[in-house]
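One structure is given below, encoded as structure tokens.
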2 protein chains.
Amino acid sequence: MTKTTTQQGQRALPLNQILPGDCIAEMNKLPEASVDLIFADPPYNLQLKGNLHRPDNSQVDAVDDHWDQFDSFKAYDTFTEEWLAAARRILKPDGAIWVIGSYHNIFRVGTKLQDAGFWILNDVIWRKSNPMPNFRGMRLTNAHETMIWASKSEGGKYTFNYEAMKALNDDVQMRSDWVLPICNGHERLKNSRGEKAHPTQKPEALLHRVLLATTNPGDVVLDPFFGTGTTGAVAKMLGRDFIGIEREAEYREVAQKRIDNVRKIDSDALEITTSKRAEPRVPFGQLVERGMLRPGEMLISGNGKNAAKVRADGTLVARDVKGSIHKVGAHLEGAPSCNGWTYWHFKRDGKPVSIDVLRQQIRAEMRD
Amino acid sequence: MTKTTTQQGQRALPLNQILPGDCIAEMNKLPEASVDLIFADPPYNLQLKGNLHRPDNSQVDAVDDHWDQFDSFKAYDTFTEEWLAAARRILKPDGAIWVIGSYHNIFRVGTKLQDAGFWILNDVIWRKSNPMPNFRGMRLTNAHETMIWASKSEGGKYTFNYEAMKALNDDVQMRSDWVLPICNGHERLKNSRGEKAHPTQKPEALLHRVLLATTNPGDVVLDPFFGTGTTGAVAKMLGRDFIGIEREAEYREVAQKRIDNVRKIDSDALEITTSKRAEPRVPFGQLVERGMLRPGEMLISGNGKNAAKVRADGTLVARDVKGSIHKVGAHLEGAPSCNGWTYWHFKRDGKPVSIDVLRQQIRAEMRD
DNA sequence: TCTCCCAATGAATCCATCT
DNA sequence: CAGATGGATTCATTGGGAG
């Protein structure tokens, strides 16, 4: 499958190969304006300090690899500026770039992208359906990563397969937030020691959507931080040519083996995970946040025997018990459990109305 | 409701007022380290093109697009740097800031936040359940905005009401992606001409969650880009004090009228679910002193595998260790740490009961 | 073979207080 | 300020082994 092409009579393009070495040096060897799309998953510069344990005392396997360490923001900025400059040179005028990151690095990457003259088209949120929780209860669960999609310049005639995206999304415009599970199970590559081969392997479904949306068959996709080659594997599957650059020999080996095993397959198999799910869960707290119920308002039980007051955090308080709508209902009824949605009612025009009516309203909005 | 306080004998803090004028100048008039939280929705559609100058003072040629774009970013960065510096000065050491933006400006804001010494805690995605569709079908539907939550410095003891957020979300950790509708319907304010009063009015549900999560009742919340006063309205409702700064008289008028109509919710409805961390500390030795446990009595672990003897000084002794309930538990389990309160049980009527039950009894007495 | 239960794990800037 | 100590804290999914 390895092939080469010549661009404008210049040097050959090493298609469907994994180039060893530093990405800046390797990109600088390639002819300018020769690549259709760049997908980049640069180091995030996580700046982790001590160890972290789960509540069950097991230790979290953190990203402590040397390649993710930078001395300062300035060092990271310089690195970003340099690889972006090299990337921009080899990009065709109508080409585009995707970069993925987290809050540790993405703001710096976005700034440097804009400074380099790239034109941001969308920021796209990968909402993880199964993120790692926050074990110490100190912050919000870090449940997403951010991707920036940008054309080489303002006015660049970038590729966007609008209809394909719409079709993928039940004939509704594809939004800027994508819900996809993290990469684990059989898709997660293992090394010879049985450990995960790479600490940050991206799911193929993510790349599938990126490539389907912003490239055409036969396009050249370059990934300067190739890792275990998700970009290459999906590109091959979808009939795109890839160029990977990776410094670590161990990652290159795993990636090459992986890509050799890839066959062009019926691509919609990958998108199964993104199709419709069951009725979305609506937390009771949303009714309060949205002002459908007011903190301090009284709810009454359907049988008229009990009452409870709504609090600002979406819990109820009754005579001697505080907690969720379900818990308080169960306690007041002396029952092991209780469906608070059908149990509790509020008054509208003097008549009791089930709070479930409000949940229906929210679900109806969500379907739009 | 307007009131003033004095901080450390300095100038008064103009609480629950909307200050007219430029936010940087107005913030500079306030005493330093006096504000608990800042919520900022900075503008990004700055009309800067008309009066831009190159470093050599020559007028920018409007045809020269590259210069134009670069200088416009530079001007925005300077503006961001200045208002962030003013904001940081008035923030208490354990205070925090929220900034909301879109891909046009959020990367620049995030970078400047980090450069100013703020410490990012989370980036939070407001996922709009009813966004404006992309009419031209050239990009993805822009269906979210990004908020950055940051403490004043690394190590700042910021406020985070973890349990309240969990309660609000049906007893699972609140994630970094928040699904909320955009502001429309009755909540959307109109001006005297029947047009929408402000182009980017934020929904109250968003501020409700922000303030509930990261402030306590009585905290001072400052919004330097007050607009039509969503921050002030929700702050009043939730029993927080606000300071608004707004340049445009028309917005100030609308905001003032809106806030005057807001009712504060009952203070008992403002009470939120609290964490165990907030509970007073009870030394294990108290259980022995009070005779709830006798010296010489045996405790058993919840998993039934281990046992230890209570000593008169509130330490335990097992096979080959002596020490606190935590230390002995950790040692016996070979774990890095152990919560002795939940690990150890005593026998009552032949059945194991957690020693935490005894701690609860003491705490209940303390509350009386 | 099928089901149930337990263990493992994922890009994480993850404690507070006193000595 | 470093070090020691008390004690608080998790969600969705996968896979393997037991039954």
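Chain A is the first sequence line, chain B the second, and so forth, proteins listed ahead of strands; every chain is numbered from 1.
C:dT13 and D:dA8: their P atoms are spaced 23 Å apart (whole Å). Taking atom C1' in both D:dG15 and C:dA11, one finds a spacing of 23 Å when rounded to whole Å. D:dT10 and C:dA7 have their C1' atoms separated by 15 Å, with the value rounded to a whole Å. To the nearest whole angstrom, the two P atoms, one in D:dT9 and one in C:dG10, are 25 Å apart.
Listed pair B:Tyr158 / C:dT13 fails the phosphate criterion, with no side-chain N or O lying under 4.0 Å from OP1 or OP2. Contact check, A:Ser58 against C:dA8: no side-chain N or O comes under 4.0 Å of OP1 or OP2. Taking only side-chain nitrogens and oxygens, A:Arg139 never comes nearer than 4.0 Å to OP1 or OP2 of D:dT10. The shortest distance between the side-chain N/O atoms of A:Lys128 and the OP1/OP2 oxygens of C:dG10 is not below 4.0 Å.
To the nearest 0.5 Å, atoms CH2 (A:Trp149) and CG (A:Asn122) are separated by 6.0 Å. Interatomic distance, A:Met237 CE to A:Glu204 CD, rounded to the nearest 0.5 Å: 4.0 Å.
Under the stacking criterion of a centre-to-centre distance below 5.5 angstrom and an interplanar angle below 30°, A:Tyr44 sits stacked against the six-membered ring of C:dA11. The stacking criteria are not both satisfied for A:Phe135 over the base of C:dC14, which would need a centre-to-centre distance under 5.5 angstrom and an angle between ring planes under 30 degrees.
When distances run from any side-chain atom of A:Arg188 to the nucleotides C:dA11, C:dT13, D:dC11, the shortest one goes to C:dA11. Relative to the side chain of B:His326, the nucleotides D:dT5, D:dG6, C:dA11 differ in distance, and D:dG6 lies closest. If you check C:dA11, C:dA12, C:dG10 against the side chain of A:Lys196, the one that comes closest is C:dG10. Closest to the side chain of A:Asp68, out of C:dA11, D:dA8, C:dG10, is C:dA11. For A:Ile182, counting side-chain heavy atoms from C-beta on, the closest listed nucleotide (C:dA11, C:dA12, D:dT9) is C:dA11. Closest to the B:Trp341 side chain, of the nucleotides D:dT10, D:dA8, C:dA12, is D:dA8. Of the candidates D:dT10, C:dA11, C:dA12, the closest approach to any side-chain atom of A:Asn142 belongs to C:dA12.
Counting non-hydrogen atoms under 4.0 angstrom, B:Leu121 reaches nothing in the nucleic acid. Using a 4.0 Å heavy-atom criterion, one finds that A:Glu145 contacts the bases of the nucleic acid, with or without backbone contacts as well. No engagement by A:Cys183 is indicated, since no non-hydrogen atom pair under 4.0 Å with the nucleic acid exists. B:Pro283 comes within 4.0 angstrom of no nucleic acid atom, judged by non-hydrogen atoms across all strands. Residue A:Asp41 is classed as a base contact, given a heavy-atom separation below 4.0 Å to a base. At the heavy-atom level, A:Lys202 lies under 4.0 Å from base atoms of the strands shown. A:Pro42 comes within contact range of at least one nucleobase, with a heavy-atom separation under 4.0 Å. Using a 4.0 Å heavy-atom distance criterion, B:Arg359 is classed as a sugar-phosphate-only contact. Using a 4.0 Å heavy-atom distance criterion, B:Ser324 is classed as a sugar-phosphate-only contact. Counting any heavy atom pair closer than 4.0 Å across all strands shown, A:Gly50 reaches a base atom.
Here C:dG10 presents its C1' atom at 7 Å from CZ of A:Arg54, a figure rounded to the nearest Å. Computed from coordinates, the A:His53 NE2 to D:dT9 P distance equals 18 Å when rounded to whole Å. In this structure, B:Asn169 places its CG atom 12 Å from C1' of D:dC11, rounding to the nearest Å. A straight line from CG of B:Asp177 to P of D:dC11 spans 14 Å, rounded to a whole angstrom. Rounded to whole Å, the distance from CD on B:Gln173 to C1' on C:dG10 is 14 Å. Atom P of nucleotide D:dT14 and atom CE of A:Met132 are separated by 17 Å, given to the nearest angstrom. The interatomic distance linking A:Ile100 (CD1) with C:dA11 (C1') rounds to 9 Å, in whole Å. Regarding A:Asn134, its CG atom lies at a distance of 10 Å from the P atom of D:dC11, rounded to whole Å.
Looking at A:Lys49, its side chain has no donor and acceptor atom pair within 3.5 Å of the base of C:dA12. Contact of B:Ser337 with D:dA8 (side chain to base): a donor-acceptor pair of N or O atoms is detected under 3.5 Å. Under 3.5 Å, the side chain of A:Asp61 and the base of C:dA8 form no donor-acceptor pair of N or O atoms.
C:dT13 has its base syn relative to the sugar, with a glycosidic angle deviating from 0 by at most 90°.
Between A:Asn130 and A:Arg136, it is A:Asn130 whose nearest contact on DNA chain C lies nearer the 5' terminus. Along DNA chain D, the nucleotide closest to B:Ile325 and the one closest to A:Pro55 are compared, and the more 5′ of them pairs with B:Ile325.
Aromatic rings from A:Phe225 and A:Trp83 are positioned such that their centres are separated by under 6.0 Å.
At least one side-chain heavy atom of A:Ile38 sits less than 4.5 Å from a side-chain heavy atom of A:Pro224. The closest side-chain heavy-atom distance from A:Leu140 to B:Phe160 is below 4.5 Å. Contact annotation: the side chain of A:Tyr251 never approaches that of A:Val254 to less than 4.5 Å [non-hydrogen atoms, C-beta and beyond]. By the 4.5 Å heavy-atom criterion applied to side chains, B:Trp178 and B:Val124 are counted as neighbours. Between B:Leu113 and A:Phe107 the shortest side-chain heavy-atom distance does not fall below 4.5 Å. At least one side-chain heavy atom of A:Thr231 sits less than 4.5 Å from a side-chain heavy atom of A:Val221. In this structure, B:Ile300 and B:Trp344 have side chains that are not in contact, with every pair of non-hydrogen atoms separated by 4.5 Å or more.
For the residue pair B:Asp123/A:His144, the side-chain donor-acceptor check at 3.5 Å is satisfied. Counted by atom type alone, A:Ser102 and A:His104 present one or more donor-acceptor pairs between their side chains at under 3.5 Å. Side-chain contact, B:Ser275 with B:Glu163: no donor N or O sits under 3.5 Å from an acceptor N or O. Checked by atom type, the side-chain pair A:His198/A:Asn191 shows no donor-acceptor distance below 3.5 Å. At a cut-off of 3.5 Å, with distance as the only test, no side-chain donor of B:Ser176 or A:Arg127 sits close to an acceptor on the other residue.
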Give me, pair by pair, the N or O atoms of the protein and of nucleotides 16-19 of chain C that are less than 3.5 Å apart, along with how far apart they are.
none

Restricting both atoms to N or O, compile the protein contacts to nucleotides 15-19 of chain D shorter than 3.5 Å, with distance only.
{"unit_1": "D:dG15", "atom_1": "OP1", "unit_2": "A:His186", "atom_2": "N", "d": "3.2"}
{"unit_1": "D:dG15", "atom_1": "OP1", "unit_2": "A:His186", "atom_2": "ND1", "d": "2.9"}
{"unit_1": "D:dG15", "atom_1": "OP1", "unit_2": "A:His186", "atom_2": "NE2", "d": "3.3"}

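The aromatic rings of A:Trp341 and A:Phe284 lie perpendicular to each other, with more than 60° between the two planes, well past the 30° mark.
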Would you write the dot-bracket representation of DNA chain C, where each base gets (, ), [, ], | or . depending on whether it forms a Watson-Crick or G-U pair under 3.5 Å and with which partner?
.|||||||||....|||||
